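Inspection log for the structure reproduced underneath, given as structure tokens.
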Amino acid sequence: MNIEQILSEKTIEALKTLYGGDVDKVVFERTNPDFAGDFTLVVFNFLKLSKKKPEVTADEIGNYLKTNVAEVADFNVIKGFLNIVISDSYWLNYLNSITNKPFINPELPANAATVMVEYSSPNTNKPLHLGHVRNNLLGYSVAEILKAAGNKVIKTNIVNDRGIHICKSMIAWQKWGNGETPESSVMKGDHLVGKYYVLFDKNYKSQIVDAKLKGMNDEDAEKYAPLMREAQEMLLKWEQGDKQVRELWTMMNGWVYKGFADTYKMMGVDFDKIYYESNTYILGKDIIEDGLAKGVLKRREDNSVYIDLTADGLDEKTLLRSDGTSLYMTQDLGTAAQRYKESHFNKLIFTVGNEQDYHFKVLFLILNKLGYDWAKGLFHLSYGMVELPEGKMKSREGTVVDADDLMAEMIDTATATTKELGKVDGLSDNEANHLYKTIGLGALKYFILKVDPKKKMLFNPAESIDFNGNTAPFIMFNYVRVRALLRKAKDIAGFEPSTSFNNNVTLLPKEKELIIKLHSFTPTLLQATAEFSPALIANYVYDLAKEYSQYYHDTSILKEENKELMYFRLHLSNTIGTAVKSSMLLLGIEVPERM
RNA sequence: GAUCCCAUAGCUCAGCUGGAUAGAGCAACGGUUUUCUAAACCGUAGGCCUUUGGUUCGAAUCCAAAUGGGAUCACCA
């Protein structure tokens, strides 16, 4: 039980003993830095019980706690605020108890819940862009966080490898590609296929303009443009299993997969299971049958199937076309059910942008109405769009920020900055290159993950991502300082981190602050788990690093003459280093040993 | 037309399960290195927390409305 829980329980006890009142929950908060104390209780809510003035009530509770809780060293009262001071020895014992232990238990508990996290889910007609980057980093980090919190996590990716979009690229390549391949053009496969997607769109647009000049209305012009009709025909052939179309499709998708694999590898994300829509798009029809049988779904006169959600404030949703073919929603119903059958997940998290909020609301509602118990475990991890200063990214207008380019730029900047600061002395080329990558990609990942997932975020390509201040390089820098300290401590003072330390030291205010910060690692992890928010971890690790940076600046460690005090400070530094590294790994960010 | 989301320093973001004088970073200005890595540290300046009303002992935080911005509402994915 941590100290806040002890305080909370004892306060409930105090309220009972002193005033005979029953309260089921009491929350302490951190004391405002301007006042003396570690934790604060606001007593206004208990005045009804005590029937006394705030000051008196706070004083009485304070006295009770001081008498009955060994860890409470002192207290003070200001207006209705009861500030509790916890003894140094408690904090020192606490630090000793976590020293040399991992912050994240690598073993899963026996009763671990199974959580499937779906993320990435790209289309195979174009390369990944900044929006996908946010999705990938979020999904990966949330998966790591859930794992750290003791869940068995299955990371999945459903690749949208079929449909009209890929046919557009195929048509364009057939017409204008002259047999170009990733090898012949020395271009990543996903970029090559994306090039033809853009080419298709360009020519398609001009066909629409031509048609409209000939007097056709907008809708018809778009529908009857020769290129679009060719793409539609190709899609039909694909569905019929036409050998040539399938071969072309297999080849071009193969190029894309190779390209995606490189991007994922660079980004440092991975998957336990990859699904392909070409295998799953027919799923869901059995669920429709089930729904019809249960009377939840209805069939229209034209044979199409729908569900009426107007009573839930939503619309009628069609689930099967009149020709019996399935829709996006049908497919999603089917894949969810399939995944439950395969993994018996307790939770299934869909990492998908908030533009699909409505879709998931409907999807979950339907599955619940169909009476599937597992549907209660479905969750849409909805994240905001990444916007540019001029607004939303649009691939057709060429305003997308390409994932590969962005990562390369980040690494270039890291290379230049690192060299400029003269930080590569004594590193081999391999080590230096690894460092540039660690810093550049770390900066990018932190920049994206520190923002609350639910909120939209702005990326300004004109201003490069910072390496100073609230950034990953700053956090890494403080980790590196710890590592350097420990290396030197071993040489100079024979210090071994594996030892324990003497508790007989007087804590500096900043040292106590740092230990309390370490103390909040686990609550923060639990909150991040509950809210699916890597941002909470990012904010936590920045706070910790910042406090440490100040401490490091103001306090001498290796020059401290009292050896026990020096060892204590080294242990504190070491443990902070471990907490920083663990936190960064939860964000999918590696930390270097030197920089 | 309907529904949903958002609004905090010049900029990017924290804070939102109601609590003490609203915090960081960047940008601006000034200072700190014979001392453990200055990608650092310290200081100055910067705010009617969009507006109005309500609930409360107490509201950036909860409720309602207005304004501004975004998204969604296909037999598309």
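As the structure is a prediction and not an experimental result, all values here were calculated from the model. Labels below follow one simple rule: chain letters A, B, ... track the order of the sequence lines, proteins then strands, and each chain is numbered from 1.
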Next item on the list: Look at the side chain of A:Glu355 and decide which nucleotide, out of B:rU72, B:rA39, B:rA77, has an atom nearest to it.
Entry: B:rU72
Item checked: G-U wobble or Watson-Crick pairing nucleotide for B:rA64 (cut-off 3.5 Å, both distances) -> B:rU52
Next item on the list: Report yes or no: is there a donor-acceptor pair, N or O only, under 3.5 Å between the side chain of A:Thr318 and the base of B:rA74?
Entry: no
Notebook entry, point to check: Side-chain N or O of A:Arg481 less than 4.0 angstrom from OP1 or OP2 on B:rA38?
Noted result: yes
Item checked: Candidates B:rU17, B:rC13, B:rU37 - which lies nearest the side chain of A:Lys423 -> B:rU37
Next item on the list: Could you let me know what B:rU3 is paired to, Watson-Crick or G-U wobble, both distances under 3.5 Å, or none if it's on its own?
Entry: B:rA71
Check: Which listed nucleotide (B:rA24, B:rA20, B:rC36) is nearest to the side chain of A:Lys546?
Finding: B:rA24
Check: Picking from B:rA38, B:rC76, B:rC26, which would you name as closest to the side chain of A:Phe477?
Finding: B:rA38
Note to self: What's the gap between B:rG1 and B:rU17 when it is taken at their P atoms, as a whole Å value?
What the structure shows: 35 Å
Item checked: Phosphate OP1/OP2 of B:rC4: any A:Asn354 side-chain N/O under 4.0 Å -> no
Margin query: Between A:Ser50 and A:Leu47, is there a side-chain heavy-atom distance shorter than 4.5 Å?
Written below: yes
Next item on the list: Side chain of A:Leu458 only, please: which of B:rA39, B:rG25, B:rC13 is the nearest?
Entry: B:rC13
Next item on the list: Tell me what A:Ser382 touches on the nucleic acid: a base, only sugar-phosphate, or nothing, going by heavy atoms under 4.0 Å.
Entry: nothing
Item checked: Watson-Crick or G-U wobble partner of B:rU35, both distances under 3.5 Å -> none
Item checked: side chain to side chain donor-acceptor pair (under 3.5 Å) partner of A:Asn83, chosen from A:Thr40, A:Asp38, A:Asn32 -> A:Thr40
Check: What about A:Thr471: does its side chain form a donor-acceptor pair under 3.5 Å with the base of B:rA39?
Finding: no
Item checked: Options B:rU21, B:rA39, B:rA20, nucleotide nearest the side-chain atoms of A:Asp34 -> B:rU21
Notebook entry, point to check: Where the side chain of A:Lys559 is defined as all heavy atoms beyond and including C-beta, which of B:rU35, B:rC41, B:rU21 is the nearest nucleotide?
Noted result: B:rU35
Checklist line | Residue A:Asn45, side-chain heavy atoms: nucleotide from B:rC36, B:rA7, B:rC57 that is nearest | finding: B:rC57
Next item on the list: Searching all strands shown, indicate the nucleotide that pairs with B:rC11 (Watson-Crick or G-U wobble; both distances under 3.5 Å).
Entry: B:rG25
Checklist line | A:Phe44-B:rG58 aromatic stacking (under 5.5 Å, under 30°) | finding: no
Notebook entry, point to check: Out of A:Ile282, A:Asn160, A:Leu283, which one pairs with A:Glu277 under the side chain to side chain contact (heavy atoms under 4.5 Å, CB included) rule?
Noted result: A:Asn160
